[in-house]
Student: 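Submitted below is the structure of interest, expressed as structure tokens.
Lettering follows sequence order; numbering is per chain, from 1.
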Amino acid sequence: MLKGTSACAGCSSSLSLRYVLKGAGPDTVLVIPASCSSVIQGIYPNTALNIPVYNIAFAAAAACASGMSNAFRAVGKKTNVIVYAGDGGTLDIGIQSMSGAFERGTDFLYICYDNEEYGNTGMQRSGSTPLGARTTTTPAGKTDEKKDIDAIITAHDPPYLATACSAYPQDLFKKVKKALAIRGPAFIHILVPCPSGWRFPPEKTIEIGRLAVKSGMWILYEREYGRLAISSPSKAAMKNPIPLENYLAPQGRFAGISPKALDILKQRITQKIQRLTEEEKGIC
Amino acid sequence: MSGRARLALSKPTTGAAGRTGSWRVFRPVIDTEKCNQCGLCQMYCPDAAIDEELNVDLNFCKGCGICANECPKKAIEMVREET
């Protein structure tokens, strides 16, 4: 990735894309559906990414990568095929082709960078927007809960699934390396705080990501062949998470969140922590 | 190969979106006295505008201020740009 992208100042999606490409190496092909990352490449006829990139329609990203991967393997090449899709392209519009690719066992890596809204078109609500968050289409706060895409992917039983956060780039780098070393479909879900959409100053991007992990709102783990392992930054955070308010307060999108929504969010965090701890111990 | 030129292909170029440094309102200034060269600013810079010797490439720094916020020694100060 070269300097001079058209990403917003403090964009953590471009930060995580840097680490994904660093982990993947030069023998990589990126498939990017319509999202922020198709914009941050720069202005035609120039591009800021110095590897082959295929920009494609929302619903076709995983199908396209599936074909690419099969074609590369048919001629005996080990080129990494990576889909770098946003949460709209994964949770809402692209879910059918992604589900198909996971079912076929395509050898590729699907990365969902989750900024919890349609950031590129002006912060509209997506399936991944958390409960109570204000977006331009939910001015009074979202009334529905965030879709648990990781559980949906886990149901496909992929060989590798991980969650990461842009505030922990080394962790992300390791997970990308691991995912690409495994044959078969892999999925990484990255939380990328978006300064313009979440309404916080750009210098706090990393801090907000760290708070998300520390409060338990976002848990870093990896699931390799069905075996769950909590990543080290989340281990301490799960034992005694910081109050959720610390994470919500700096963000303008949670200003004026109703006490009821806050309560549900807290309950969900406790449930998730409990579920994952038990799963790691092998209880359920 | 004549047909190839008509395809919508982009070429990798530094500064594909122009000199993004012109967006900047605050400029990072590193205090070399306080700096202990931990490299965290380089690690967290979304635009890779800080190199391994910890020099800021002001042609492309967008002035987001992540480096100043994350610096454990508080060695980076954001100074308003003169217009």
Side-chain angles (χ1 to χ4, degrees), chain A residues 1-19 21-22 26 30 32 36 38-56 165-173 192-196 200-210 250, chain B residues 4-30 38-72 74-81:
Chain A
M1 193 166 176
L2 302 168
K3 289 175 199 170
T5 62
S6 48
C8 310
C11 175
S12 59
S13 165
S14 63
L15 175 69
S16 54
L17 185 55
R18 259 182 68 203
Y19 282 90
L21 296 182
K22 206 177 242 186
L30 264 190
I32 296 185
C36 281
S38 52
V39 175
I40 67 176
Q41 291 162 25
I43 302 154
Y44 177 80
N46 297 319
T47 169
L49 298 171
N50 54 0
I51 54 157
V53 179
Y54 196 75
N55 287 300
I56 198 164
C165 178
S166 61
Y168 297 91
Q170 287 142 322
D171 179 65
L172 169 65
F173 177 79
V192 290
C194 167
S196 45
F200 61 82
E203 70 266 19
K204 297 231 187 277
T205 310
I206 303 294
E207 209 178 304
I208 296 275
R210 211 178 279 139
Chain B
R4 206 178 160 85
R6 269 179 267 132
L7 284 176
L9 283 177
S10 298
K11 282 203 185 106
T13 329
T14 310
R19 292 267 170 111
T20 49
S22 61
W23 303 0
R24 192 172 55 237
V25 182
F26 291 96
R27 174 166 40 110
V29 178
I30 304 181
C38 64
L40 282 178
C41 50
Q42 187 217 354
M43 189 171 104
Y44 286 126
C45 178
D47 289 286
I50 303 178
D51 64 8
E52 265 149 39
E53 277 92 50
L54 309 183
N55 298 314
V56 184
D57 186 343
L58 289 175
N59 284 331
F60 295 109
C61 167
K62 291 172 188 163
C64 64
I66 289 181
C67 48
N69 200 47
E70 292 308 315
C71 181
K74 300 280 164 245
I76 303 177
E77 201 189 343
M78 300 304 285
V79 182
R80 186 172 275 277
E81 288 280 350

Student: Would you name the heavy atoms of B/Pro28 and B/Leu58 that are closest together and state the gap between them?
Tutor: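 In terms of heavy atoms, the two residues are closest at CD-CD2, 4.4 Å.
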Student: Using 0.5 Å steps for rounding, measure from the CD1 atom of B/Ile30 to the SG atom of B/Cys71.
Tutor: 8.0 Å
Student: Could you tell me which portion of A/Ala167 (side chain, backbone, both or neither) has an atom closer than 4.5 angstrom to a non-hydrogen atom of chain B?
Tutor: backbone
Student: Rounded to the nearest 0.5 Å, what separation is found between the SG atom of B/Cys67 and the CD1 atom of B/Ile50?
Tutor: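 Those atoms lie 4.5 Å apart.
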Student: What's the separation between atom CD1 in A/Ile208 and atom SG in A/Cys165, rounded to the nearest 0.5 Å?
Tutor: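 Rounded to the nearest 0.5 Å, the CD1-SG separation comes out at 10.5 Å.
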Student: Could you go through the side-chain contact (heavy atoms from CB on, under 4.5 Å) check for B/Cys41 and B/Leu54 one step at a time?
Tutor: CA-CA 8 Å; B/Cys41 50; B/Leu54 309 183; 4.1 Å; yes
Student: Is it the side chain or the backbone of A/Leu49 that comes within 4.5 Å of chain B heavy atoms, both, or neither?
Tutor: backbone
Student: Under 4.5 Å, counting heavy-atom pairs only, tell me which of B/Gly21, B/Cys61, B/Cys45, B/Gly18 racks up the most with chain A.
Tutor: B/Cys45
Student: Enumerate the residue pairs fulfilling salt bridge (charged side-chain N to carboxylate O under 4.0 Å, His left out) with a member in residues 6-15 of chain A, sequence neighbours excluded, ordered by first and then second residue.
Tutor: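 Pairs touching residues 6-15 of chain A that pass the test: none.
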Student: Among A/Cys11, A/Pro45, A/Cys8, A/Gly42, single out the residue with the greatest number of heavy-atom pairs under 4.5 Å to chain B.
Tutor: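 The option with the most such pairs is A/Pro45.
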Student: Who pairs with A/Pro26 by side chain to side chain contact (heavy atoms under 4.5 Å, CB included), at least two apart in sequence or on another chain?
Tutor: none
Student: As an exercise, state the distance from SG of A/Cys36 to CG of A/Leu17, rounded to the nearest 0.5 Å.
Tutor: 11.5 Å
Student: Under 3.5 Å, which donor-acceptor pairs link chain B to chain A? Give each pair on its own line with the distance.
Tutor:
| from | atom 1 | to | atom 2 | distance (Å) |
| --- | --- | --- | --- | --- |
| B/Lys11 | N | A/Pro45 | O | 2.9 |
| B/Lys11 | O | A/Thr47 | N | 2.8 |
| B/Thr13 | N | A/Thr47 | O | 2.9 |
| B/Thr13 | OG1 | A/Asn46 | OD1 | 3.0 |
| B/Gly15 | N | A/Lys3 | O | 2.7 |
| B/Ala16 | N | A/Gly4 | O | 3.4 |
| B/Ala16 | O | A/Ile43 | N | 3.3 |
| B/Ala17 | N | A/Gly4 | O | 3.0 |
| B/Met43 | O | A/Tyr19 | OH | 2.7 |
| B/Tyr44 | OH | A/Ala167 | O | 3.4 |
| B/Cys45 | O | A/Arg18 | NH1 | 2.2 |
| B/Asp47 | OD1 | A/Thr5 | OG1 | 3.4 |
| B/Asp57 | OD2 | A/Lys3 | NZ | 2.9 |
| B/Lys62 | NZ | A/Thr5 | O | 3.0 |
| B/Lys62 | NZ | A/Thr5 | OG1 | 3.3 |
| B/Lys62 | NZ | A/Ala7 | O | 2.7 |
| B/Cys64 | O | A/Glu203 | N | 3.3 |
| B/Asn69 | ND2 | A/Glu203 | O | 3.0 |
| B/Asn69 | ND2 | A/Glu207 | OE1 | 2.7 |
| B/Glu70 | OE1 | A/Arg210 | NH1 | 3.3 |
| B/Glu70 | OE1 | A/Arg210 | NH2 | 2.7 |

Student: Taking side chain as everything from C-beta outward and backbone as N, CA, C, O, which of these in A/Leu2 sits under 4.5 Å from a heavy atom of chain B? Side chain, backbone, both or neither.
Tutor: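 When you check distances to chain B, only side chain atoms of A/Leu2 fall under 4.5 Å.
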